[in-house]
Amino acid sequence: MFRVEKKEDEERRRLGGNPDWMSRLPEELLDVPLWDLAIPGSHDSMSFCLDVSSPVLKSESRILRLIDRLFPCWTRTCVSRWATTQQSVLSDQCDLGIRFLDLRIARKPKGGLFFAHGIYTLMTVKEALDELATWLDAHPKEIVVISCSDFDSLTDEDHFSLVAFIIALFGKKLCFSQDTPTLRSCWSRGQQVIVSYDNQQMVLQHLELWTGIPYWYADSPDPKKVIAYLEDQKRGGRPAHFYVSGLNLTEDAPYVILHPFQNMRKMTMRALSLLLRWASEQRPGCEVGGVNILCCDFVAASQFCSLVIGLNYKLLGRRALCST
């Protein structure tokens, strides 16, 4: 069992959690499509358990893979410093209020399905999803959106096996892709899981799978550029269904070179107040500019979840909620 670091655990207790926030929303919001609600998400949700003994991914640049073969201890430690974006296991993230999980899946060279962000994780896909299923059993009115993507080095057989496992594990908890899910409709059917699977072949074969969810991602280490990018995207109109606004920063080579003693957590914490201020000004809903899923790094280190959940109360009293 992977445990939260002591400091992170103390922060989580101090900040409190939102383990059953969906079941506590006002009656007026129970028939709103889930893609018109504000939902907290974690970026690269499984990066808390990266394995520094594993090689870098095959999808990484040829130069990085060459350096990894020559100086593996240095390379993997460096990658881990910048690729670790969370420090809490999935059940703890869900207790905080996270309802969107960003799962980047990869096959390790020696076999087995794991997660990955630059390097592979210690925890397998089966272990993580088993933990999530247990959490859902204990919180029957909470709905989680799972985004499965990247699929580094997966074969067709891997996809078939993974989808079969997901369907067997969650069973009747799965929400079908032709549905318009609301809290009330999901509760009436016992549905708790929406699985976005970024492989069109598998989506076409299984009604239990949803197409890949758009993720608005600025790809910048500058929080002002992240906000400017999100504002520009909003002006073009939001997608019709689920979509993600990424509040996460991205390091580039010049930034890493100029900040040799930093890591992703330090970079995130320095920018977090600005990013959360922008988030607090948003409104959910179907109108142009309406937010849906907001993703952040190090979700246990601030009031991010409570802030995003609170955005839903801006919908109360509005007469022109979009039709389903």
Side-chain angles (χ1 to χ4, degrees), residues 4 12-13 15-43 45-46 48 86 88-103 125 127-148 166-177 179-197 208-210 213 241-244 279 284 291-296 299-300 302-316 324:
V4 182
R12 185 170 65 87
R13 286 196 298 269
L15 295 168
N18 304 280
D20 299 291
W21 67 266
M22 287 180 159
S23 66
R24 297 175 180 174
L25 285 179
E27 178 81 13
E28 188 176 342
L29 301 182
L30 301 188
D31 295 308
V32 175
L34 295 183
W35 46 69
D36 289 336
L37 294 178
I39 298 173
S42 58
H43 169 243
S45 306
M46 289 298 300
F48 62 86
Q86 305 297 336
S88 305
V89 296
L90 293 189
S91 57
D92 282 352
Q93 292 183 36
C94 290
D95 280 341
L96 285 166
I98 292 298
R99 295 295 179 269
F100 173 86
L101 298 171
D102 175 22
L103 305 182
V125 170
E127 289 170 333
L129 294 182
D130 278 339
E131 178 193 349
L132 180 60
T134 300
W135 187 90
L136 289 167
D137 286 339
H139 301 271
K141 285 194 168 183
E142 300 302 301
I143 294 98
V144 174
V145 181
I146 303 172
S147 174
C148 300
I166 289 172
I167 292 174
L169 177 65
F170 295 116
K172 294 181 179 179
K173 287 185 172 69
L174 291 167
C175 180
F176 280 44
S177 57
D179 296 337
T180 298
T182 67
L183 289 173
R184 199 188 307 275
S185 70
C186 288
W187 294 346
S188 69
R189 301 167 187 162
Q191 296 171 339
Q192 289 185 269
V193 184
I194 293 166
V195 178
S196 161
Y197 201 88
E208 299 92 339
L209 302 180
W210 295 60
I213 294 175
H241 295 149
F242 292 111
Y243 86 101
V244 178
V291 297
N292 175 213
I293 300 164
L294 288 91
C295 270
C296 191
V299 295
S302 72
Q303 289 284 3
F304 166 73
C305 288
S306 296
L307 185 155
V308 175
I309 294 166
L311 297 179
N312 291 300
Y313 291 84
K314 295 183 179 182
L315 292 171
L316 296 178
T324 58

Of all residues at least two apart in sequence or in a different chain, which pass the side chain to side chain donor-acceptor pair (under 3.5 Å) check with [X]?
| X | value |
| --- | --- |
| Trp135 | Asp95, His139 |
| Ser185 | Thr182 |
| Glu208 | none |
| Ser45 | Ser42 |

Heavy-atom side-chain proximity of [X] to [Y] below 4.5 angstrom:
| X | Y | result |
| --- | --- | --- |
| Ile143 | Pro181 | no |
| Glu127 | Asp130 | no |
| Pro40 | Trp21 | yes |
| Leu29 | Tyr313 | no |
| Ile146 | Phe100 | no |

Is there a donor-acceptor contact under 3.5 Å from the side chain of [X] to the main chain of [Y]?
| X | Y | value |
| --- | --- | --- |
| Glu142 | Ser23 | yes |
| Asp137 | Thr134 | no |
| Glu131 | Ser91 | yes |
| Arg99 | Cys94 | yes |
| Asn292 | Leu34 | yes |
| Gln86 | Met46 | no |

Straight-line distance of [X] [atom1] to [Y] [atom2], nearest 0.5 Å:
| X | Y | atom1 | atom2 | result |
| --- | --- | --- | --- | --- |
| Ile39 | Cys305 | CD1 | SG | 12.0 Å |
| Leu101 | Cys148 | CG | SG | 9.5 Å |
| Gln192 | Phe170 | CD | CZ | 9.5 Å |
| Leu129 | Leu90 | CG | CG | 8.0 Å |
| Ile213 | Ser196 | CD1 | OG | 4.0 Å |
| Glu27 | Leu316 | CD | CG | 11.5 Å |

Write down the atom of [X], the atom of [Y], and the distance for their closest heavy-atom approach.
| X | Y | result |
| --- | --- | --- |
| Val193 | Val195 | CG1-CG2, 3.6 Å |
| Asp102 | His43 | OD2-CD2, 3.6 Å |
| Trp210 | Trp35 | CZ3-CZ3, 3.8 Å |
| Lys173 | Leu136 | CE-CB, 4.3 Å |
| Ala38 | Pro284 | N-CB, 3.7 Å |
| Asp36 | Leu315 | O-CD1, 3.7 Å |

With sequence neighbours excluded, residues passing side chain to side chain contact (heavy atoms under 4.5 Å, CB included) with Ala138: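 Once residues adjacent in sequence are excluded, Ala138 has no partner under the side chain to side chain contact (heavy atoms under 4.5 Å, CB included) criterion.
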
Between Phe304 and Leu96, does the side chain to side chain contact (heavy atoms under 4.5 Å, CB included) criterion hold? Intermediate values first, please. CA-CA 9 Å; Phe304 166 73; Leu96 285 166; over 6 Å; no

Listed partners of Arg189 passing salt bridge (Lys or Arg N to Asp or Glu O under 4.0 Å), at least two apart: Asp179

